[in-house]
Amino acid sequence: MKGLDYTKPLSLYIHVPFCTRKCDYCAFYSVPLASADRSWMEKFVSLVIAEIEALNKDFGKPYRTVFIGGGNPGVIGYGNIRRIIEKTQENGRSEEVTIEINPENVSKEIYSLFPLLTRVSVGIQSMDDDVLLHLGRNARRRDNLRALSILSESPFRWNADIITAVPGESVETTLSDIESVASFSPGHISFYCLTFEEGTPLIEREAPIGEEAEAVFLEKGWARLRELGYEHYEISNFAKPGERCLHNLVYWNLGQYVGFGPGAESSVGYAMVTSMRESETIAEYLSSPALMCTPLSLQETEEEYLLAALRTKDGIDKAEYEKRFGHSFSSVYSDAISRIDKDSYIDSNESFALTEKGFMTLDWIILEMAMGL
Ligand code: SF4
């Protein structure tokens, strides 16, 4: 494949673009089942399998991690999920194979995918029926409780997503969501603020609660997650020891991954990555799945790396940075760093990383630092 560095590990992302129905806040590309042509799902699965097969022959080695995301991959059924995963494992076992799934699609049948599948990420979002209704979610508290119970007894490593700062909810509701979910002992929790995206029903009917109020939800939520034994290893992600998501670490370190499915991006190469985007809609994808490549310049690659690595607790590895971009981190950013509050970062000889205080002003810090490029 053009631009691929065959000496480096490679991960796969598969975007399954179907959902039972659209949630009110969602701007990701996905087709609600009611609007999907009946033949699309079967065609999509066959096409993805054919593309993985072609990459298997080209790459010739096991993929480091595989992530099947959405949309809601649960709607294509466990049989199709098995077919896709089996195809990704033809050159050998991956270290981690994750699927995203909505609570209403979790059943004990999912156990049969182990050990082919190793990790499950479930979109709980809230345990409060009013909040779930407000978000336009399909699942209710009873579905979430059932899914959490099934996953807590499963052989998988697993994650639960929680959304906070939903208009009308209190900080107590968020803390209660965290405690209810944590009582089922997931190894990993993703915790993030509701975002208001253009073109969604949510933004048409109301406004965000504002940055100051959001900061209160985040601070209290972060503190509770830490008290419950979760390490805050990325701005929106928390893990028990040994439970970090390997696939997401590939994104944050700008590693190599190839994405299949409409709208899935890829990043291949090392010093300069090639960004690839496929067709934007399922209909386009089914008629012309060929990857479209846009090579990024070294500076664009550096910006991408900065954006991703500053979101993590480990931050930027200075030796790796110099090897990758040919200049030292300090030579480019010392001016920008001098303008940042000292409590917002930890700067050592080996690395530069933001603290939780820095995470709160991440967008501003990234802008300051990008000016140094
Ligand atoms: S299930 Fe996920 S991808 Fe589908 S509409 Fe809801 S938030 Fe969007």
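Order of appearance sets the numbers: ligands from 1, and atoms from 1 within every ligand. No experiment lies behind these values; they were computed from the predicted model shown.
- With respect to Glu304 and Arg324, no salt bridge is recorded, no charged nitrogen being found less than 4.0 Å from a carboxylate O.
- Contact atoms of ligand 1 toward Arg137: 1 (S), 6 (Fe), 7 (S) (distance under 4.0 Å to a heavy atom of the residue).
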Test ring pair (Phe, Tyr, Trp, His ring centres under 6.0 Å) on Phe28 and His15 and set out the steps. CA-CA 11 Å; Phe28 294 123; His15 176 227; 8.2 Å; no
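- Lys318 forms no cation-pi arrangement with Tyr321, by the criterion of a distance under 6.0 Å to the ring centre and an angle within 45° of the ring axis.
- Among all protein heavy atoms, the one lying closest to atom 8 (Fe) of ligand 1 is Cys26 SG, 2.3 Å.
- Residue contact annotation: Glu100 has no non-hydrogen atom under 4.0 Å from ligand 1.
- Nearest to atom 1 (S) of ligand 1 by heavy atom, out of Asn72, Asp161, Val75, Asn102, is Asn102.
- The closest protein non-hydrogen atom to atom 7 (S) of ligand 1 is Tyr25 OH, 3.6 Å.
- Residue Cys23 counts as close to atom 6 (Fe) of ligand 1, with an N, O or S atom under 2.8 Å.
- With distances taken over non-hydrogen atoms, the option nearest atom 3 (S) of ligand 1 out of Pro17, Gly71, Ala27, Ala139 is Gly71.
- A ring pair (Phe, Tyr, Trp, His ring centres under 6.0 Å) with Tyr305 holds for exactly one of Phe325, Phe329, Trp252; it is Phe325.
- Each of Tyr230, Tyr233, Trp158 was checked for a side-chain hydrogen bond (donor to acceptor under 3.5 Å, both in side chains) with His188, and the lone residue meeting it is Tyr233.
- The aromatic rings of His247 and Tyr251 lie perpendicular to each other, with more than 60° between the two planes, well past the 30° mark.
- Atom 8 (Fe) of ligand 1 has no N, O or S atom of Cys19 under 2.8 Å away, backbone or side chain.
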